[in-house]
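Working notes, beginning with the structure itself.
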Amino acid sequence: MDPQSGLPRCYRHPEAETGIRCARCDKPICPQCMISASVGFQCPDCVRNGSGTGHAADANQPRTLVGGRVAADDRLVTKILIGINLAVYLLVLVVGPRLVVELELIGRAFSLELGEVIGVADGEWYRLLTATVLHQEVWHILFNVLGLWVIGGIVEPELGRVRYVALCLLSGLSGSVLAYLVAAQYQPSLGASGVVYGLIGAWVVLARHKRHDMRPVVLFVALSLLMTFTRPGISWEAHVGGLVAGVLVTYAMVHAPRPRRDLVQYGACGLVLLLDLGLVLARSAALT
């Protein structure tokens, strides 16, 4: 209860005052949370547990901006991604640099550490994804984990878990593919920056769609790209590839027509994936 206005606050959004209560459990709910029912409004929890109308429990489940399901923990996937990155980083500390050589992105080269030819062109396609969770320096993983937490915390609630996973995978893959395509075949690359920049691209699309003030968004993107192209040792290809993929995938998700929403959204993801696979095949053929 707000002491000044006397109005209760939404149980899911404590900053929002409301005079509406759930018709089933009587919890206060704001306009963002209330779901129209046959009598009054219901909260997302009651709808999720069963509509009370004879329909399936998820028949009236609240949806995100792009049609995904609203989850109780709207940062679960982001937390899992951060956990994977930290776990791999600790594993590198335990196992040593040999693990980095086995997982980093590299086109095709002879490895002195392993004593053999390695690389994506040599059939090790898994490097396109394993490199996206691999870090060596503390500053590198801290920067990427912070980016995942902050930007991912903005994007995941808007997309829902399934679409968010697709966005992260395609952003990371596209960043690796562009690095594989453009960088020298013996130049190694690693880090979750492709995923982070994909989330930045998604944030740009979402902010524009929701008519937010774009000036801080544009400034953030400009500073990020400035750091990308001015600091040595940074794979700009992974950043740009992730950013472009994030913009394309999120744009398709946001602007998909409602009657064919799933078809358009997942079709767009499939097209990005096919484009990535085609580029990998072409580069591999050129290197072998």
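Owing to the predicted nature of the structure, the values given are computational and were not obtained by experimental measurement. As a basis for the values below, the full set of heavy atoms in this structure was taken, side chains included, without hydrogen atoms, waters or symmetry mates.
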Exactly one candidate in Leu173, Leu170, Val244 meets side-chain contact (heavy atoms from CB on, under 4.5 Å) with Val272; the answer is Leu170
Please check if Val196 and Leu128 belong to a single hydrophobic cluster, counting links between Ile, Leu, Val, Met, Phe, Trp and Tyr side chain heavy atoms closer than 4.5 Å.
yes
Restricting to non-hydrogen atoms, name the atom on Arg283 and the atom on Ala184 that form the minimum distance, rounded to 0.1 Å.
NH2-C, 4.4 Å
Common cluster, Val117/Leu112, ILVMFWY with side-chain heavy-atom separation under 4.5 Å:
yes
Quick check: are there more than 12 heavy atoms from other residues, nucleotides or ligands sitting under 6.0 Å from OH of Tyr251?
no
With a 3.5 Å cut-off and no angle check, do the side chains of Ser189 and Tyr180 form a donor-acceptor pair?
no
Hey, which of Val133, Leu134, Val138, Leu142 is the one that makes side-chain contact (heavy atoms from CB on, under 4.5 Å) with Tyr89?
Val138
For His135 and Val145, run side chain to side chain contact (heavy atoms under 4.5 Å, CB included): C-alpha distance rounded to whole Å, both residues' side-chain angles, the deciding distance at 0.1 Å, then the answer.
CA-CA 11 Å; His135 300 83; Val145 164; over 6 Å; no
With heavy-atom distances below 4.5 Å as the criterion, would you say the side chains of Lys79 and Ile82 are in contact?
no
Kindly write out the residues that satisfy salt bridge (charged side-chain N to carboxylate O under 4.0 Å, His left out) with Glu102, not counting sequence neighbours, or none if the list is empty.
Arg98
Considering all heavy atoms, the nearest Asn144-Ser193 contact
OD1-OG, 3.3 Å
Does Ser176 use its side chain to pair, donor to acceptor, with the backbone of Gly172 at less than 3.5 Å?
yes
Output the distance between atom CD1 (Ile141) and atom CG (Leu146), rounded to the nearest 0.5 Å.
12.0 Å
Verify, without hydrogens or angle tests, whether Tyr164 (side chain) and Thr78 (backbone) share a donor-acceptor contact under 3.5 angstrom.
no
Looking at CH2 of Trp203 and CD1 of Ile151, how far apart are the two atoms once the value is rounded to the nearest 0.5 Å?
5.0 Å
Can you give me the closest heavy-atom contact between His13 and Cys30, atom names plus distance?
ND1-SG, 3.6 Å
With a 4.5 Å limit on heavy-atom distance, are the side chains of Ile154 and Glu158 in contact?
no
Any side-chain heavy atom of Tyr197 within less than 4.5 Å of one from Leu225?
yes
Derivation and outcome, side chain to side chain contact (heavy atoms under 4.5 Å, CB included), residues Lys27 and Asp45
CA-CA 10 Å; Lys27 287 185 291 192; Asp45 288 343; 3.3 Å; yes
Check whether Leu287 and Val182 end up in the same hydrophobic cluster, where Ile, Leu, Val, Met, Phe, Trp and Tyr are linked by side-chain heavy atoms less than 4.5 Å apart.
yes
Quick check: do Leu199 and Leu167 have side-chain heavy atoms less than 4.5 Å from each other?
yes
hydrophobic_cluster_shared for Val254 and Val162, side chain cutoff 4.5 Å:
no
If you group Ile, Leu, Val, Met, Phe, Trp and Tyr by side-chain heavy-atom gaps below 4.5 Å, do Leu181 and Ile118 land in one group?
no
Does atom OH of Tyr126 have more than 12 heavy-atom neighbours from other groups under 6.0 Å away?
yes
For Ile35, is there any backbone N or O sitting under 3.5 Å from a side-chain donor or acceptor partner on Gln42?
no
Going from OG1 on Thr288 to CD on Gln185, what distance comes out if it is rounded to the nearest 0.5 angstrom?
10.0 Å
So CD1 of Ile200 and OG of Ser224: to nearest 0.5 Å the spacing works out to 4.0 Å
Just list the side-chain donor-acceptor pairs under 3.5 Å for residues 103-111, sequence neighbours left out, or say none.
| unit_1 | atom_1 | unit_2 | atom_2 | d |
| --- | --- | --- | --- | --- |
| Ser111 | OG | Glu113 | N | 3.4 |
| Ser111 | OG | Glu113 | OE1 | 3.3 |
| Ser111 | OG | Leu114 | N | 3.1 |

Atom of Pro157, atom of Gly152 and distance for their closest heavy-atom approach:
CD-O, 4.0 Å
Measure the spacing between CG of Leu281 and CG of Leu277 and express it to the nearest 0.5 Å.
6.5 Å
Residue pair Cys10 / Met34, side-chain heavy-atom distance below 4.5 Å:
no
So, do Trp149 and Arg75 sit near enough that their side-chain heavy atoms are less than 4.5 Å apart?
yes
Does the side chain of Asp74 come within less than 4.5 Å of Glu156's, by heavy atoms?
no
Closest approach of Ala252 to Val264 (non-hydrogen atoms, all atoms of both residues):
O-CG1, 4.3 Å
Spatial distance of atom CZ (Arg21) from atom CD1 (Ile29) [nearest 0.5 Å]:
10.0 Å
Pair Asp73-Arg161, salt bridge (Lys or Arg N to Asp or Glu O under 4.0 Å): steps then yes or no
CA-CA 10 Å; Asp73 185 353; Arg161 290 175 182 171; 5.5 Å; no
Check: Ala16 main-chain N/O paired with Gln32 side-chain donor or acceptor under 3.5 Å:
no
Under the side chain to side chain contact (heavy atoms under 4.5 Å, CB included) criterion, do Leu159 and Thr64 qualify, and how do the steps go?
CA-CA 6 Å; Leu159 300 188; Thr64 66; 5.6 Å; no
Within-4.5 Å side-chain heavy-atom neighbours: Leu243 and His239:
no
Before giving the answer on side chain to side chain contact (heavy atoms under 4.5 Å, CB included), spell out for Asp122 and Glu116 the whole-Å C-alpha distance, their side-chain angles and the decisive distance to 0.1 Å.
CA-CA 10 Å; Asp122 200 48; Glu116 59 185 3; over 6 Å; no
Can you give me the closest heavy-atom contact between Leu129 and Leu169, atom names plus distance?
CD2-O, 4.4 Å
